[in-house]
Amino acid sequence: MAAGAGAGGGLRPLAEDGSPAAPAYTVADLAGEIAAREREDAPRWVWASTARLYPRLLAAGVRVARCHDLELVENLLLGHAGRYGEPRSVRAASARLHGRPVPPDPPPSHEEASAQASLFGDDDTGERAAPHDDLAQIVEVHAAQRRAVAGLDGFALLAAAESAGSLVAAELGHDGLPWSAAEHDALLTELLGPRPSGGLRPRRLQELADRIGAAFGPRTHVNPDSPAQILKAFAAAGLPIPSTRAYVLKRVDHPAVPLLLEYKELARLHAAHGWAWLDTWVRGGRFRPEYVVGGVVSGRWATNGGGALQIPRVLRRAVVADPGWCLVVADAAQLEPRVLAALAGDRAFADAAAHGDLYAALSDAFRSDEATGGLSARAKAKLALLSAMYGGGTGEAVQLLGVLKSRFPDAFEYVEAAARAGERGRLVRSLLGRTCPPPSAGWRELTLTGDDERDPAEPTPDGARRPATAAQALRSRGRFTRNFVVQATAADWALALLGSLRRRLTALGPPRLVFFQHDEVIVHAPAELADAVTEAVRASSEEARTLLFGTTPVAFPMEIAVVDRYADAK
DNA sequence: TGGGCCGGCGCG
DNA sequence: AAAGCGCGCCGGCCCA
């Protein structure tokens, strides 16, 4: 499918291998034609970009079951080839196929909303229309991608999952998360005082600001929003601190500290998710974020504005199901360590991950050593795992990593190997083939020269916070690739889950996916379908497991709650 | 006044 | 208890 300048466009049926199966044709009403074809034989739609095209279809009431998103797949293929950041448009892909000069990508859609609006027939923006899609290029780029994908292990599934994810993302933005503005406003008023007029501080924040000043001395004024002023005030009080981070402040004995901690928490809520956010982002009882598929190198999603992936926990009481409906809140328990267990094929580790509480199952290995005092065996297991996956390992974690290494050598070695590859400047991949970016030219230069002479504490000349030494840069890259293999494979799994769940929910009818956050989904459903949705979530988790890992003994249990409001889940 | 960096913190 | 990975967004602040 190629969108034209107005409401029309061009189409051409393709065979499964991507070769043309019938002549191309044009239609004046593209959305209507897609709806009709979808009813007839529900093809896999091959198009340039779901993010650009599908919102318009959704607005016209048209949904499709399957697609192939050429830009997203091109991006995955470029990444696999170590060519991160090269243009991914269909034009660029076509130019590469023919050895022509490659045009740069246009800016992201949210920066040119008016140009985007011209697709599917908005005529109010006229001449600024995005370039029309070229059907012949779409056909040839798709065929080339099919060939490339077929040659890479796991990539067919990755391309399908990424494309299915793009459909989910657009639908999430269209349907929106049920959001009670009244609940939100009540919570803000309860915590901050009544909504202030103008740009004034809410009453509670102003009180705290005044008391903070007073705590540093009579007639003293400190802007608690200014870390620089807070640092100065503490230094003047004879209590120099390295930063004003909450955990630093907590260790300081001064009357301003509890006030500052409370201020920071409330000010954050007010600034990031206060009344201004509510005005901007909630309409008609729905919060409609713009998800960005492929926006994170690991395959996690990002969002544009609205901070959908950072909704504070206290605000979850504003997420309320419609009357007669419920929220099915499901999250994958301990996803990343389970992914590591399945990836590494570590027999003992996989057995521990075969059900229930993974960390508890590992406890035996971490019990009974006197060196690491206060922690429970379960806490030790968790700390060891997190250190292995994130590349931490100071203090007592060193010793716990040793336990992990001796008891679960294959799991340990899996992430160690990824870290070594990173330190050598090599690429690592998720199970399905999503590939990490190559190191920057600056990294190569720094690590090649092995300039390790400077004091690590010495600030860099330009004041930027980049590694001061080759050793730091190497370790940092190692931590990145170490984590990448786990985080990106977890993202593979989550995408497979989403695709499977979307298909099952479509079969159920009214239920809608309304939220997705890395390893967690919310489905909005009529109350009487709660059990069916719960079952669909479990079946999807199982399908994702099998698609990725085949016959692994590792389980991927979902913690599922059926609630009226998000805050009531767990 | 607008752009961009920084410190800080929300989420997984 | 904090810190190792991945993000987005805010206000403060500096500079053009």
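Order of the sequence lines sets the chain letters (A, B, ...), proteins ahead of strands, with each chain counted from 1.
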Practice task
Please state whether the phosphate of C:dC13, meaning OP1 or OP2, lies under 4.0 angstrom from any side-chain nitrogen or oxygen of A:Ser226.
Solution key: yes
Exercise for the section: Please state how far atom CZ in A:Arg313 lies from atom P in B:dG10, giving the value in whole angstrom units. Expected result: 12 Å
Exercise for the section: Test for a donor-acceptor pair under 3.5 Å between the base of C:dG8 and the side chain of A:Gln310, counting only N and O atoms. Expected result: yes
Handout entry: 5′-ward residue of the pair A:Trp281/A:Ser298 relative to DNA chain C
Key = A:Ser298
Problem - Between P of B:dG12 and OH of A:Tyr291, the distance in whole Å - result: 13 Å
Exercise for the section: Return the nearest nucleotide to the side chain of A:Leu386; candidates are B:dG8, C:dA3, C:dC7. Expected result: C:dA3
Fill in the blank from the handout: Here the pair of heavy atoms bringing A:Asp346 nearest to A:Pro409 is OD2-N, 3.5 Å
Problem - B:dC9 OP1/OP2 closer than 4.0 Å to side-chain N/O of A:Lys264 - result: yes
Problem - Nearest-angstrom distance from the residue atom CD1 of A:Ile230 to P of C:dG11 - result: 15 Å
Practice task
Work out which heavy atom in A:Ser166 is nearest to a heavy atom in A:Thr50; give both atom names and the distance.
Solution key: OG-OG1, 2.8 Å
Exercise for the section: Classify the nucleic acid contact of A:Ala246 as base, sugar-phosphate or nothing, counting any heavy atom under 4.0 Å across all strands shown. Expected result: sugar-phosphate
Problem - Distance, rounded to the nearest Å, where A:His273 contributes NE2 and C:dC9 contributes P - result: 9 Å
Exercise for the section: Would you state whether a donor and an acceptor, one from the side chain of A:Arg245 and one from the base of B:dG7, lie under 3.5 Å apart? Expected result: no
Problem - Interatomic distance where CG belongs to A:Leu266 and P belongs to B:dG8 [whole Å] - result: 19 Å
Practice task
Ignoring backbone atoms, test whether A:Arg479 places a side-chain nitrogen or oxygen under 4.0 Å from the OP1 or OP2 oxygen of C:dG4.
Solution key: no
Handout entry: Carboxylate-amine/guanidinium contact A:Arg288 A:Asp175, below 4.0 Å
Key = no
Handout entry: Phosphate-side-chain proximity, A:Tyr247 and C:dA3, N/O vs OP1/OP2 below 4.0 Å
Key = yes
Problem - Phosphate OP1/OP2 of C:dG12: any A:Asn223 side-chain N/O under 4.0 Å - result: yes
Practice task
Compare side-chain N and O positions of A:Thr244 against OP1 and OP2 of B:dG8 and report whether any pair is under 4.0 Å apart.
Solution key: yes
Handout entry: Syn/anti state of C:dG4 by chi, 90° boundary around 0
Key = syn
Practice task
Classify the nucleic acid contact of A:Gln487 as base, sugar-phosphate or nothing, counting any heavy atom under 4.0 Å across all strands shown.
Solution key: base
Practice task
Output the single nucleotide from C:dG12, B:dG10, B:dG12 whose closest atom is nearest the side chain of A:Pro312.
Solution key: B:dG10
Practice task
May I ask you to say what A:Arg482 touches in the nucleic acid, namely base, sugar-phosphate or nothing, with a heavy-atom cut-off under 4.0 Å?
Solution key: nothing
Exercise for the section: Determine the contact category for A:Leu249: base if any of its heavy atoms lies under 4.0 Å from a base atom, sugar-phosphate if only primed atoms, P, OP1 or OP2 are that close, otherwise nothing. Expected result: nothing
Completion exercise
Taken to the nearest whole Å, CG/A:Leu269 to P/B:dG10 is 10 Å
Practice task
Using a 4.0 Å heavy-atom cut-off across all strands, classify A:Arg316 as base, sugar-phosphate, or nothing.
Solution key: sugar-phosphate
Exercise for the section: Searching all strands shown, indicate the nucleotide that pairs with B:dC6 (Watson-Crick or G-U wobble; both distances under 3.5 Å). Expected result: C:dG11
Problem - Spacing between A:Arg268 atom CZ and B:dC11 atom P, to the nearest angstrom - result: 8 Å
Handout entry: Residue pair A:Leu432 / A:Thr489, side-chain heavy-atom distance below 4.5 Å
Key = no
Exercise for the section: Could you check whether A:Leu335 gets within reach of a base, just the sugar-phosphate, or nothing at all, counting any heavy atom under 4.0 Å? Expected result: nothing
Problem - Positive for salt bridge (Lys or Arg N to Asp or Glu O under 4.0 Å) with A:Asp225, one of A:Arg268, A:Arg201, A:Lys264 - result: A:Arg201
Problem - Whether A:Trp281 and A:Phe287 hold their rings parallel, tilted or perpendicular, with breakpoints at 30° and 60° - result: perpendicular
Handout entry: Heavy atoms from other residues, nucleotides or ligands near CD of A:Glu183 exceed 12 (cutoff 6.0 Å)
Key = yes
Fill in the blank from the handout: Between A:Asn483 and A:Val248, the residue closer to the 5' end of DNA chain C by nearest nucleotide is A:Val248
Problem - Between C:dG11 (P) and A:Arg201 (CZ): distance, integer Å - result: 12 Å
Exercise for the section: With heavy atoms under 4.0 Å as the rule, sort A:Val297 into base, sugar-phosphate or nothing. Expected result: sugar-phosphate
Practice task
Go through C:dC13, C:dA1, C:dG11 for me and flag the one nearest to the A:Leu383 side chain.
Solution key: C:dA1
Practice task
Looking at every strand, decide which applies to A:Gly306 at a 4.0 Å heavy-atom threshold: base, sugar-phosphate, or nothing.
Solution key: sugar-phosphate
